[in-house]
Colleague: 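Quick one: this structure, given as structure tokens, is what I'll be asking you about.
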Protein chains: 2
Amino acid sequence: MKNVISDVEDRLRAGDSKLTARRELVLKVLLENSDKHLSAEEVYNLVKRRAPEMGLATVYRALELFQEFDIIHAIDFGDGRKRYEFGSGKGKIHHHHHLICTKCGGITEVNEDLLEDLENRVSRQHHFTITDHQLKIFGICRQCTGK
Amino acid sequence: MKNVISDVEDRLRAGDSKLTARRELVLKVLLENSDKHLSAEEVYNLVKRRAPEMGLATVYRALELFQEFDIIHAIDFGDGRKRYEFGSGKGKIHHHHHLICTKCGGITEVNEDLLEDLENRVSRQHHFTITDHQLKIFGICRQCTGK
DNA sequence: TTCCTTGCAAAGTGTTTGCATTTGT
DNA sequence: ACAAATGCAAACACTTTGCAAGGAA
């Protein structure tokens, strides 16, 4: 946990930016809720508990910065706002998928990458150099089944 | 072509709605550009050529109506606006995927459904009843390769 | 008439930007 | 002191909504 923060600090410094107190707070909130896919507003609300004077714009700017440094990336579950998640958006570093329950809105992560074969086929057939993919599966989750 | 329109007309009428002249125009524009994934604004601009007095709100309302009737559905390519495509969003009727070129922004459709095995596995492992999925593959398209 | 549709403008929602002030070094 | 970061409010982009006017049955 602490190491993640100092790792981010190093990466920012290497790019002539720094991990200010506000940015660290944003980062911590993201870390502590890394299972939740928070939106900017949600991050803002959590952050405000510890720094009530903090502005929403600062949260957006921190999120943008973290994205530039490939520390987080945005995902879109179709609810009209961006949500954030650790890991680079580019590259094949961190492939996982989301099961989205259309009843309760809950999101489950599937942490294996299940698409290698498929990617190889598509890549060959369409002469398309794949750098990333995004799979969202919609349906009814275990808890909501049978309700 | 004509049959698609009268089919839509029938479906709307069955649900106590009707295919007005404006709505038909929206539908036609969508049909004539079914390869393009138009946004609301793009539909609006095309529609205005034939009906200059038409308002943007009417386009949005027509698109919403068509979605309710599962005639079209919205997709999000992460550019901040919704784009529309024929076919139901629910159900396993019409599964295809999108190759999104990160260089030129071009979108290629992959019309086979390649995910059956994967769905079966996920469904079993997570007790998740799948109703739909969405796969976006990012990379460099054939034309942009080597530029 | 009655009900639905439409155009227009206003309101909403999520995000970004301009600018004066504050902070860190 | 200087550059970068921040809070605030205004601006933005896309979408939705309220309402009065228009049209079809």
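By convention in this document, chain letters (A, B, ...) are assigned in the order of the sequence lines, proteins followed by strands, and residues within each chain are numbered from 1. All heavy atoms count here, side chains included; hydrogens, waters and symmetry mates do not.
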Colleague: Distance check needed: C:dT6 P versus B:Glu24 CD, whole Å only.
Modeller: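 Distance check: B:Glu24 CD to C:dT6 P gives 12 Å.
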Colleague: Name the nucleic acid region contacted by A:Glu41, choosing base, sugar-phosphate or nothing; use a 4.0 angstrom heavy-atom cut-off, strictly under.
Modeller: nothing
Colleague: B:Arg23 near the nucleic acid: base, sugar-phosphate alone, or nothing, with a heavy-atom cut-off under 4.0 Å?
Modeller: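 Contact class for B:Arg23: sugar-phosphate only.
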Colleague: Ignoring the backbone of B:Arg22, work out which of C:dT6, C:dT16, C:dG14 is nearest its side chain.
Modeller: C:dT6
Colleague: Using a 4.5 Å cut-off on heavy atoms from C-beta on, say whether the side chain of B:Leu27 contacts that of B:Phe66.
Modeller: yes
Colleague: Kindly state whether the ring of B:Phe77 and the ring of B:His37 have centres lying under 6.0 angstrom apart.
Modeller: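 Ring centres of B:His37 and B:Phe77 closer than 6.0 Å.
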Colleague: Got a salt bridge between B:Arg83 and B:Glu42, using NZ or NE/NH1/NH2 to carboxylate O under 4.0 Å?
Modeller: yes
Colleague: Whole-Å distance between C:dT23 P and A:Lys18 NZ?
Modeller: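 It works out to 14 Å between those atoms.
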Colleague: How would you label the contact of B:Glu64 with the nucleic acid (heavy atoms, under 4.0 Å): base, sugar-phosphate, or nothing?
Modeller: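 Nothing, no nucleic acid heavy atom in range.
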Colleague: What is the separation between atom CG on B:Asp16 and atom P on C:dC4, rounded to the nearest whole Å?
Modeller: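 For the pair B:Asp16 CG and C:dC4 P, the rounded distance is 9 Å.
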Colleague: Rounded to the nearest angstrom, tell me the gap between atom CG in B:Asp76 and atom P in C:dG14.
Modeller: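 Checked: the CG to P distance equals 14 Å.
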Colleague: For A:Leu56 and C:dT13, give me the distance from atom CG to atom P, rounded to whole Å.
Modeller: 14 Å
Colleague: Taking heavy atoms of chain B and a 4.0 Å limit, find me the 5'-most and 3'-most nucleotide of DNA chain D within that range.
Modeller: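 Footprint of chain B along DNA chain D, 5' to 3': D:dC14 to D:dG18.
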